[in-house]
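Here the structure comes first, spelled out in structure tokens, and everything after it is commentary.
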Amino acid sequence: PARPRVLSGIQPTADSFHLGNYLGAVGHWVALQDTYDAFYCVVDLHAITAGHDPRMLAQRSRVAAAQLLAVGLDPERCTLFVQSQVPEHAQLAWVLGCITGFGEAGRMTQFKDKSQRQGNERASVGLFTYPILQAADILLYQADAVPVGEDQRQHLELSRDLAQRFNTLFGPTFTVPEAHIVKDTAKITDLQDPTAKMSKSSSSPAGIVLLLEDAARSAKKIRSAVTDTGQEIVFDAQQKPGVSNLLTIYSALSGRSIDDLVAAYAGKGYGDLKKDLGEVVREFVAPIQDRTRGYLADPAQLDRLLVTGAQKARAVAGPTLRAVYERVGF
Ligand code: ADP
Ligand code: NA
């Protein structure tokens, strides 16, 4: 029997993924390659919803793809591609937009958050309809499962609603995707504000650890991380969010359990933990940075690899879109 299909996407960010992206998302994609027929997409159409530099866009996608390969995605075992190279995404999004209620789209809380940050009047219609494009990303591939973090749950619900609605209106066409909740998905918080998630839109660069930054810089950020009153190293996300975040990162990157770490740091101070974590991060990112540089050193080869990925993607997306157009009556 065919393996179930999974789809996930990530925006090509300006310079590098951060540890939250890795531990909350793309790190898990690697394991899913073997149990699923996995489609992974660098969602560059989503990257133009809030203003961007056109001279940088293609390179951002390359850097994103290079990092995905560097952390272990294997184009022989998954389909890795760039969204804008598969025109069916935008085409299906239009059709889905026509069966989405205006009020329904307006209830997406991420739009409210993001548009508020930009000043509501300046937020683009593209940002508003972004969850519909996300639904198209998923439904085009008839994905059975979508790995989602808590922040994306509402968007997956919309994808499910739109799949069901289309199937009811026009006849069975789409697989209704399920959320794939990855166990032990760490939610990484901002080093400077341990109550907020680590995010590229964080106010302080000191709060974010980037996969591709100089490890000495990461170590410095970790040393300056906001910790909590008291000096005991224990895991307590409510009372000690700062120390708990450091333990979460440490555990995830080293493979040691939190309990093991807490035992090992009994009687030691925050400074010891931070110093060692800086070293753990350095060891973790070094090979990823090496491999990323390797892929980026041969952009023509990287581009060829992505063209092949897009061809594999279109072999699935094309028939879905043709079925959609036919049912809609085009
Ligand atoms: P950002 O919040 O930096 O804008 P995105 O929204 O582009 O990041 O997230 C890309 C992926 O990384 C999503 O699957 C999201 O759930 C995951 N992710 C982002 N930040 C974190 C975090 N701090 N902890 C865990 N997962 C995260
Ligand atoms: Na986000």
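Order of listing sets the numbers, starting from 1, for every ligand and every atom in it. Below, each value reflects all heavy atoms present in this structure, side chains not excepted, and no hydrogens, waters or symmetry copies. Keep in mind it's a predicted model, so treat the numbers as computed, not measured.
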Are [X] and [Y] close enough that their ring centers fall under 6.0 Å?
X	Y	answer
F81	Y141	yes
F102	F128	yes
Y22	F17	no

Given that the side chain starts at C-beta and the backbone is N, CA, C, O, which of these parts of [X] lies under 4.0 Å from ligand 1, counting heavy atoms, or is it both or neither?
X	value
M198	both
S199	both
I10	side chain

Is the shortest side-chain N to carboxylate O distance from K240 to E232 below 4.0 Å? no

Quick one: does K197 get an N or O within less than 3.5 Å of an N or O on ligand 1? yes

Test your reading of the structure: does T189 have an N or O sitting under 3.5 Å from an N or O of ligand 1?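 T189 vs ligand 1: no N/O contact under 3.5 Å.
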
Below 4.0 Å from ligand 1: does a non-hydrogen atom of K187 turn up there or not? yes

Which label fits Y265 and Y250: parallel for a plane angle under 30°, tilted from 30 to 60°, or perpendicular past 60°? perpendicular

Counting from 1, what ligand 1 atoms have a heavy atom of [X] closer than 4.0 Å?
X	value
N21	8 (O), 9 (O), 10 (C), 11 (C), 12 (O), 18 (N), 19 (C)
A25	11 (C), 12 (O), 14 (O)
K200	1 (P), 3 (O), 4 (O), 5 (P), 7 (O), 8 (O)

Between S257 (side chain) and D260 (backbone), is there a donor-acceptor pair under 3.5 Å?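 Answer holds: yes.
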
Candidate pair D214 and R217, rule salt bridge (charged side-chain N to carboxylate O under 4.0 Å, His left out), full reasoning: CA-CA 5 Å; D214 183 23; R217 197 182 156 92; over 6 Å; no

